[in-house]
Amino acid sequence: MTQLSRRQFLAAGGSVSLAVAMSGCSTPIGSSLTGAQPSTADVIFWHLFGGGDGENMATMIETYRESSGTSVESSLLSWGNPFYTKLALSTSSGRPPDVTVAHLSRVPLLAQAELLEPVADQFAAAGITEDKFTPAAWEKATVDGTTYAVPIDTHPFVLYYNTELAAQAGLLDETGENLKPMRNSDDFVATLQAMKDSTGSEYAAVASITVDPSTCWRLLLMTYSGLAGPIVEDLGTRVTIDRAAMEESFAFLQSLTGDLGLMPRTATSTTSSTLFSNGEVGFLFDGVWQIPTYRDVEGLDFNVVPFPALLGPEPVAYADSHALVVPASPGRSDERTANAVRFVQGLLDQSSTWADGGHVPAWLPVQESEEFLELQPQSNYTEAAFNAVYDPPGWYTGAGSDFQTAMGSVVASVLTGATDPAGGVAALTSSLQTFSTARPPV
């Protein structure tokens, strides 16, 4: 597999310059780029969580501080490429934080650039072992046989539904809460059609399509992955797209917004939220991270389940995961490493707090606990974490990447009817070839 240098990573993985990366930095970020190994607390922790996730993480950190007597200095950085660029800069300088967060879709690149410590003996000694994690997440955290990250969650793309409208359409089972099983795309389409017919609404479902390439990409990869394997391999340098499967996927998705008229062809995130919140559509296609958005909407009773098998015999859930990683640092003392391991363990043990944001805990002791099993609707879609498919490994793929923007823009063109399925395959393949043949800038 191609080995990326840290210098290559800095240029390929981040779109900001060194000056921009350092602007606005304060302790410990500024010092980690320019001074000695940060030692202002027992654990220096960087993350990228704002909003409700940020509040939950702050609660978890404070609980750990109080229970362990350990000092933790926590810093919030900008989401996306700027975050990964700052991480790479600090690690390349030999002065990174002790623990930070990474999306699992980014871990292969970070590992290939030698920016991460392996999850090795010190974690196993603390009981942080493969058998205690959702298999799909642990596998994604492992690169060339070495595990480089400790997953804390899986956040899949899922199916939201209005329970009142679903009951009206006769779509609920005997519990009165759960959808009747759907075995394939025919069942799925029939369910959406029944919702539309029952409510008399213009549409049965909605997804954010307009100016939202990431959502479009999630929807496509979930559908396509039921039929075929990765679209690129060898760290993104070889295109392996199955053109027939991709055209079938495009045709199916376009039928939902086109001939069948079950979804609007254009919808912003605001449109999607409004239609679902107001009960104007019965179904919403979105990520679990949106649960806090709808939880407090007055008059909205909703539930969330994994998508059924759409194309292919088995259900697939597009997903990513947040993970805790220890950036490589030859100068980190054994004491600081031990503190980092204890901190990671402390956050894992509080995964039920983290699940409040919609995430499925990757830590099985919490995922299988009575506390989590009673949490609704989170415990309803745990299966999606086991059926997860992530972005294919590549120096250009992963959360917040230009790759997702390029892929999702093609999908949006198909969903709106501007491009037919065959044209979508051609455009997607052309874009993949551009990514796969480009050398990481140095």
Side-chain angles (χ1 to χ4, degrees), residues 28-29 32 36-49 56-75 77 87 90-91 94-104 106-107 110-111 113-135 137-143 145-154 321-355 359 361-367 369:
I29 301 170
S32 70
Q37 175 78 25
S39 58
T40 53
D42 296 324
V43 177
I44 304 297
F45 177 52
W46 291 4
H47 68 89
L48 38 67
F49 303 120
N56 290 335
M57 181 56 68
T59 297
M60 293 160 67
I61 293 169
E62 185 58 31
T63 299
Y64 178 75
R65 285 192 186 111
E66 293 176 356
S67 64
S68 68
T70 301
S71 60
V72 179
E73 188 163 322
S74 173
S75 295
L77 279 70
L87 172 60
S90 67
T91 304
R95 304 171 185 89
D98 298 302
V99 180
T100 189
V101 171
H103 290 90
L104 284 187
R106 293 274 192 159
V107 164
L110 295 167
E114 300 180 348
L115 296 173
L116 303 179
E117 297 283 359
V119 177
D121 295 342
Q122 63 267 29
F123 281 90
I128 301 174
T129 52
E130 178 179 0
D131 59 304
K132 295 178 182 176
F133 289 87
T134 306
W138 189 268
E139 180 180 353
K140 188 64 177 178
T142 303
V143 181
T146 300
T147 305
Y148 290 94
V150 177
I152 58 174
D153 69 43
T154 305
S321 294
H322 297 113
L324 299 169
V325 297
V326 177
S329 177
R332 184 180 293 114
S333 68
D334 291 343
E335 180 182 5
R336 296 196 71 85
T337 297
N339 286 337
V341 172
R342 285 191 290 269
F343 177 66
V344 169
Q345 176 74 69
L347 295 187
L348 288 175
D349 288 341
Q350 298 181 73
S351 293
S352 57
T353 299
W354 189 241
H359 312 295
W363 183 237
L364 294 180
V366 170
Q367 186 190 116
S369 69

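This chain uses plain numbering: 1 for the first residue, then up along the sequence. This one's a predicted model, so the numbers in the text were calculated from it and none came from an experiment.
- In terms of the ring-ring contact (aromatic ring centres under 6.0 Å, His included) criterion, residue partners of Tyr64 (sequence neighbours excluded) are, by chain and number, Phe343.
- Closest heavy-atom contact between Val107 and Ala141: CG1-O, 4.1 Å.
- Atom CG of Asp334 has 12 or fewer neighbouring heavy atoms from other residues, nucleotides or ligands inside a 6.0 Å radius.
- Legend: residues meeting side chain to side chain donor-acceptor pair (under 3.5 Å) with Glu62, ordered by chain and number and at least two apart, are Arg65.
- Residues Ala340 and Val43 come closest through the heavy atom pair N-CG2, 4.4 Å.
- No donor-acceptor distance shorter than 3.5 angstrom exists from the side chain of Thr154 to the backbone of Ser321, with no hydrogens or angles considered.
- Put simply, NZ on Lys140 and CZ on Arg106 are 12.0 Å apart, with the number rounded to the nearest 0.5 Å.
- Side-chain contact between Leu87 and Leu115 is absent, with no heavy-atom pair separated by less than 4.5 Å.
- Across every non-hydrogen atom of Val143 and Tyr148, the tightest pair is O-CE1, 3.8 Å.
- Between the side chain of Thr100 and the backbone N or O of Trp46, at least one donor-acceptor pair lies under 3.5 Å.
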**Request:** I would like to know whether Thr337 and Val326 meet side-chain contact (heavy atoms from CB on, under 4.5 Å); could you show each step before the answer?
**Result:** CA-CA 8 Å; Thr337 297; Val326 177; 5.9 Å; no
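- For the atom pair Ile44 CD1 and Ser90 OG, the distance stands at 11.5 Å (nearest 0.5 Å).
- Classified by interplanar angle (parallel below 30°, tilted 30° to 60°, perpendicular above 60°), the ring pair His322/His103 is tilted.
- Nearest heavy atom pair, residue Ala149 against residue Pro151, reads O-CD, 3.5 Å.
- Counting heavy atoms from C-beta outward, Asp98 and Asn339 have side chains that stay 4.5 Å or more apart.
- At a threshold of 4.5 Å between non-hydrogen side-chain atoms, the residues Pro327 and Pro97 count as touching.
- Here Ile61 contributes atom CD1 and Thr70 contributes atom OG1; the two are 12.5 Å apart, rounded to the nearest 0.5 Å.
- Annotation for Glu139: atom CD does not count as buried by contact number, only 12 or fewer foreign heavy atoms lying within 6.0 Å.
- A search for ring-ring contact (aromatic ring centres under 6.0 Å, His included) contacts involving Phe133 returns Trp138, Trp363, not counting sequence neighbours.
- The shortest side-chain heavy-atom distance between Arg332 and Pro96 falls under the 4.5 Å cut-off.
- A side-chain donor from one of Asp349 and Gln345 sits under 3.5 Å from a side-chain acceptor of the other.
- The two residues Trp354 and Ile152 come nearest to each other via the heavy atoms NE1-CD1, 3.9 Å.
- Note that the CG atom of Leu347 and the CZ atom of Phe45 stand 6.0 Å from one another [nearest 0.5 Å].
- When side chains are defined from C-beta on, Gln367 does not count as touching Ser351, because their heavy atoms never get closer than 4.5 Å.
- Taken from OG1 in Thr91 to CD in Glu117, the straight-line distance is 9.5 Å, to the nearest 0.5 Å.
- Counting only heavy atoms from C-beta outward, the side chains of Val150 and Val325 never approach each other to under 4.5 Å.
- Counting all heavy atoms, side chain and backbone alike, Pro118 lies closest to Thr146 at CB-CG2, 3.7 Å.
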